[in-house]
Number of protein chains: 2
Amino acid sequence: MDIGIVAKNSGLPVSTLRFYDEKGLIHSIGRNGLRRVFDDNVLERLALIALGRQAGFSLDEIASIFTDDGPKIDRHQLLRKAEEIEKTIKQLTSLRDGLKHAAACPAATHFECVKFQRLLKLAIKNQRRARE
Amino acid sequence: MDIGIVAKNSGLPVSTLRFYDEKGLIHSIGRNGLRRVFDDNVLERLALIALGRQAGFSLDEIASIFTDDGPKIDRHQLLRKAEEIEKTIKQLTSLRDGLKHAAACPAATHFECVKFQRLLKLAIKNQRRARE
DNA sequence: ATGCAACTTTAAGTCAACTTGAGGTCAAGT
DNA sequence: ACTTGACCTCAAGTTGACTTAAAGTTGCAT
């Protein structure tokens, strides 16, 4: 596959694909003249990268999941990530609930609303935790 | 309040507070010599900013929430953010499940594992949907 | 055989949200 | 009165994830 085809099939710009290649997140299986040639499985890999990105992982973190060939099986690391994600989920869930409430709350200003006050306190707590 | 006190009480570095001040997100009520003097209510404001940040608002978006008389919060905008967060939660949930499974999966490489394949397919679907 | 769309490289630019550095001021505690 | 630690400004630097520009090469459809 030419890089343009990969771009079309993955929805990513070619510049991003080259960037990922340079970073070692994906690999071409060779060249046709100058041109990179990719195997079909690069799409699977890109899907995994996309998944990780959307979950908030940095490219470096994602890169560390890939070893020689195929995703690494550091099961302990995977579990730690899973727990991290679990925490994030909980945090986002209360945030979502808070926002939903705020959107529906009848109080004239949100500062008069007890739930909103709680939401603010939660935000401060999260901020403090993030900075440590 | 001196800026250092605000920093201590909010958990933010003074550099960030000056930056927010410059951006117009917070305001000092005056100066003591050179020094900015802040009112207590700046802490409430910072909490609101923290909340906004965590909900995925940019600083510019947050700035537009603060008007001449009190913060005016667009309930519709809140709902949209809540829905965005909802989507992220769903993604994180499948990622978490995928990781948990991967940690326990006996398959030699994850690409041989049916569950992992399902996870990838889901990722690709989400990716595709996000693009359109 | 040739035109050109699609590829190539390298370097620099962009954006948000801060952080850091240099050089200077000053309120307040001893 | 003096010291000093906390403040000040302004400019430049940082990070992550890309994007864009410039200048060159080439596979392939006609």
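Numbers restart at 1 for each chain; the letters A, B, ... are given by sequence-line order, proteins then strands. Just so it is clear, the structure is predicted and the values come from calculations on it, not from any experiment.
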Just to verify, what does A/Glu112 make a salt bridge (charged side-chain N to carboxylate O under 4.0 Å, His left out) with, not counting sequence neighbours? none

Atom pair distance, as rounded to whole Å: CG in B/Asn32 and P in C/dC26: 11 Å

Using C1' atoms of five pairs at each end, report the bend of the helix from C/dA1-D/dT30 to C/dT30-D/dA1 rounded to 10 degrees. 0°

Any pair counted as salt bridge (charged side-chain N to carboxylate O under 4.0 Å, His left out), so long as it reaches residues 9-28 of chain A, sequence neighbours left out: A/Asp21-A/Arg36, A/Lys23-A/Asp60

Set of residues satisfying side-chain hydrogen bond (donor to acceptor under 3.5 Å, both in side chains) with respect to A/Asp39, sequence neighbours excluded: A/Asn41

With B/Glu83 via side-chain hydrogen bond (donor to acceptor under 3.5 Å, both in side chains) - residues at least two apart: none

Looking at side-chain heavy atoms only, is the closest gap between A/Val6 and A/Ile26 below 4.5 Å? no

If the condition is side-chain contact (heavy atoms from CB on, under 4.5 Å), which residues does A/Glu84 pass it with, not counting sequence neighbours? A/Lys81

With A/Arg118, which residues qualify under side-chain hydrogen bond (donor to acceptor under 3.5 Å, both in side chains), at least two apart? none

Distance under 4.0 Å to a non-hydrogen atom of chain B counts as contact; along DNA chain D, which nucleotides mark the start and end? D/dG5 to D/dT9

Report the residue (B/Phe57 or B/Gly33) whose heavy-atom-nearest nucleotide on DNA chain C is the more 5′ of the two. B/Phe57

List in chain and number order the residues that pass salt bridge (charged side-chain N to carboxylate O under 4.0 Å, His left out) with A/Arg35, two or more places apart in sequence or in another chain; answer none if no residue qualifies. A/Asp2

Report which part of the nucleic acid A/Thr16 touches: base, sugar-phosphate, or nothing (heavy-atom distance under 4.0 Å, all strands). sugar-phosphate

Among all residues two or more places apart in sequence or in another chain, which pass the side-chain hydrogen bond (donor to acceptor under 3.5 Å, both in side chains) test with A/Gln91? A/Arg129

Whether each nucleotide of nucleotides 4-16 of chain C has a protein heavy atom under 4.0 Å at its base (B), only at its sugar-phosphate (S) or at neither (-) is summarised, 5' to 3', as --BSBB-------

Using the side-chain contact (heavy atoms from CB on, under 4.5 Å) criterion, which residues pair with A/Ser94? Sequence neighbours excluded. A/Leu122

